[in-house]
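Every heavy atom of this structure was used, including side-chain atoms; hydrogens, water molecules and symmetry mates were not. A note on names: the letters A, B, ... follow the listed sequences, proteins ahead of strands, and every chain is numbered from 1.
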Amino acid sequence: MVETSVRAKAAVEVRGLTVRFGSYTAVEGVDLEVGEGEFLALVGPTGCGKSTLLNVVAGLLPPSAGEVYALGEPVGGPNRKAGYLFQQDALLPWKTALDNIAMGLVFRGVPLREARNQARPWLERVGLARFGDRYPHQLSGGMKKRVGLAQVLITNPRLLLMDEPFSALDVQTRHLMENLLLELWQEDRKSVIFITHDLEEAIALADRVVVLSAGPASRPIGSFAIPLRRPRDVAEVRLTEEFLGIHQEIWSLLRGEVQKSYAQQG
Amino acid sequence: MPNKAKVRLWQVGILLVFLGLWEWGARTGRLDKLYFAQPSEIAARIVKWFSEGDIYRHLWVTSVEMLLAFVIGTLLGVAMGLWLALSPPVAAVLDPYIKALNSIPRVLLAPIFTIWFGLGMLKMIALGITLVFFVAFFNTYQGVREVNPVVLANARMLGADGGRLLRHVYLPSAASWIFSSLRTSIGFAVIGAVIGEYLGSAAGLGYIIQQAEGVFDTTGVFAGIVVLMVFVLALDYLVSRVEAQLLRWRPQEAEARS
């Protein structure tokens, strides 16, 4: 009975997960839980298998061993109830911004006309009301991310998976996008797994930060609650005493892993 | 960036010099008219053909053969390309057969097609299809295989599968490959039709050229070639217009190419 009640509450539950690529073990023995409505940030050094973990939860990658539940169901194949925001450009280059957003619905069987009607308000919410008829190559990096965000959110996923979505943006654009993300998230508090190698970004956004060890065979080695008040402004919150304290605490753990990761590469 | 007017001027200049030299050579006897004809006579012959009107029948026949070969060959090629690209096991099995079939010089098929289909249009269409099919096939195959994996994964995560993936992701992605192949295909369809006609038929531009050749009428051969050339250029222009319209989502590199 206790088992089921836990499962009902957790948006994501990972147990004893191992993923191997040939003889290389990317992640090993990972246990991870994301609560309903929780914003979880996963940080770790480059190449620690963060994206691997996310892809397994998304159902894009089969686990070598272990169990993965998302929204109470075992994951097998692309998870339609989850939204995934990719690090790279993932928009359809042959569709306008408006149609790209509408595609989120069209792919699920909504007729194009109806989907466009629903996409228009989203265009506005991500601040692109005037850019609906532009093609992706006519948009800036930040604008493309906004379209990508709307494309995912229009499907109203209960779980949002984000793989370093803002890492290619300049700092100002990045802060704008992070604030936009928090603003949209606060409306209905989806469960989020946000992957980043930037610890400041993780703390500024998340309810909880989980640190992964350096690869190969990486796994979570620390979990830190972030008690910063919401709503937050990601640029301002970085300057608070509290933030710096948390940063120091997590960094003392993360630093060792980053150094290990560098040592392996060098 | 070269000045557009200047480029045109040079292009026209080269043509005029070339034709001028040819005409001069033929008139002064430096080029044997029996072998090389004479531009002014070729032009006169073309004018005569069009004023007498018999040429229209042959143009019509060649156009129909070419267009049918083009349309059927492209459709078959695109369908087959999609199928094999999306089912790698099938592709692995059929690969040697496709390579073997494509290695046959098509001219050699003409005698067989004559036996199968006679001297009518069917033979030329069949010959054209064997050429057009492979161009469309290889380009579609390549285009589908080169779909951006992130775009594909994103569409999948958003819920696309089967027909929607094909329509919104695979086909648009392959479209630029297919379109560049269309322009090659048009040329191949014409080759199929004309070679077929030349090697035995009762009508068409290839037939005219073959008839002229039979009586050593070099002027007639050249006139036929010129008509064909203009015909193919006009078709190519049409395709490039359609292409520009359908691929307007692309960054403007298409314009630099044409």
Side chain from CB out, backbone as N, CA, C, O: work out which of these in B:A175 comes under 4.5 Å of a heavy atom of chain A, or both, or neither.
neither

Heavy-atom check, side chain of B:L86 versus side chain of B:L166, under 4.5 Å
yes

Salt-bridged, A:R174 to A:E178, with N to O below 4.0 Å?
yes

Tell me, out of A:P136, A:G109, A:G59, who's got the most heavy-atom pairs with chain B below 4.5 Å.
A:G109

Given that the side chain runs from C-beta out, which part of A:D89 has a heavy atom under 4.5 Å from chain B: side chain, backbone, both or neither?
backbone

Give the interface residues of residues 155-169 of chain A toward chain B, defined by a heavy-atom separation under 4.5 Å.
A:T155

Using a 3.5 Å distance criterion without hydrogens, assess whether the side chain of B:R183 forms a donor-acceptor pair with backbone atoms of B:S240.
no

Would you compute the distance between atom CG of A:L61 and atom CG of A:L54 and round it to the nearest 0.5 angstrom?
10.5 Å

Looking only at heavy atoms, which of residues 136-153 of chain B get nearer than 4.5 Å to chain A?
B:N148, B:V150, B:V151, B:A153

Going by the side chain to side chain contact (heavy atoms under 4.5 Å, CB included) test, name the single residue among B:L127, B:V61, B:I209 that passes it with B:E197.
B:V61

Quick one: do B:D161 and B:R156 make a salt bridge, cutoff under 4.0 Å?
no

So, the part of A:Q151 with a heavy atom under 4.5 Å from chain B: the answer is both

Segment of A:Y84 engaging chain B (4.5 angstrom heavy-atom cut-off)
both

I'd like to know which of A:P93, A:A58, A:G104 tops the heavy-atom pair count under 4.5 Å against chain B.
A:P93

Side chain, backbone, both or neither of A:Y135 within contact of chain B (heavy atoms, under 4.5 Å):
side chain

Can a donor-acceptor pair be found, under 3.5 Å and without considering hydrogens, that links the side chain of A:W94 to the backbone of B:L247?
no

Between A:K95 and B:H168: side-chain donor-acceptor atoms closer than 3.5 Å:
yes

Of the listed A:P78, A:A90, A:G77, the one with the largest count of heavy-atom pairs under 4.5 Å with chain B is A:A90

Mind jotting down which residue pairs meet the salt bridge (charged side-chain N to carboxylate O under 4.0 Å, His left out) criterion with at least one end in residues 126-140 of chain A? Sequence neighbours excluded, please.
none

Check: A:G37 main-chain N/O paired with A:R189 side-chain donor or acceptor under 3.5 Å
no

Is A:L91 in contact with chain B via its backbone, its side chain, both, or neither, using a 4.5 Å heavy-atom distance?
backbone

Do side-chain atoms of A:D207 reach the backbone of A:F39 as a donor and acceptor pair under 3.5 angstrom?
yes

So, using side-chain contact (heavy atoms from CB on, under 4.5 Å) as the criterion, who are the partners of A:W122 when residues are at least two apart?
A:I101, A:R125, A:A150, A:L153, A:I154, A:L184

Under a 4.5 Å cut-off applied to non-hydrogen side-chain atoms, are A:V57 and A:V34 in contact?
no

Ring centroids only, cut at 6.0 angstrom: are B:F70 and B:F188 within range, meaning strictly under it?
no

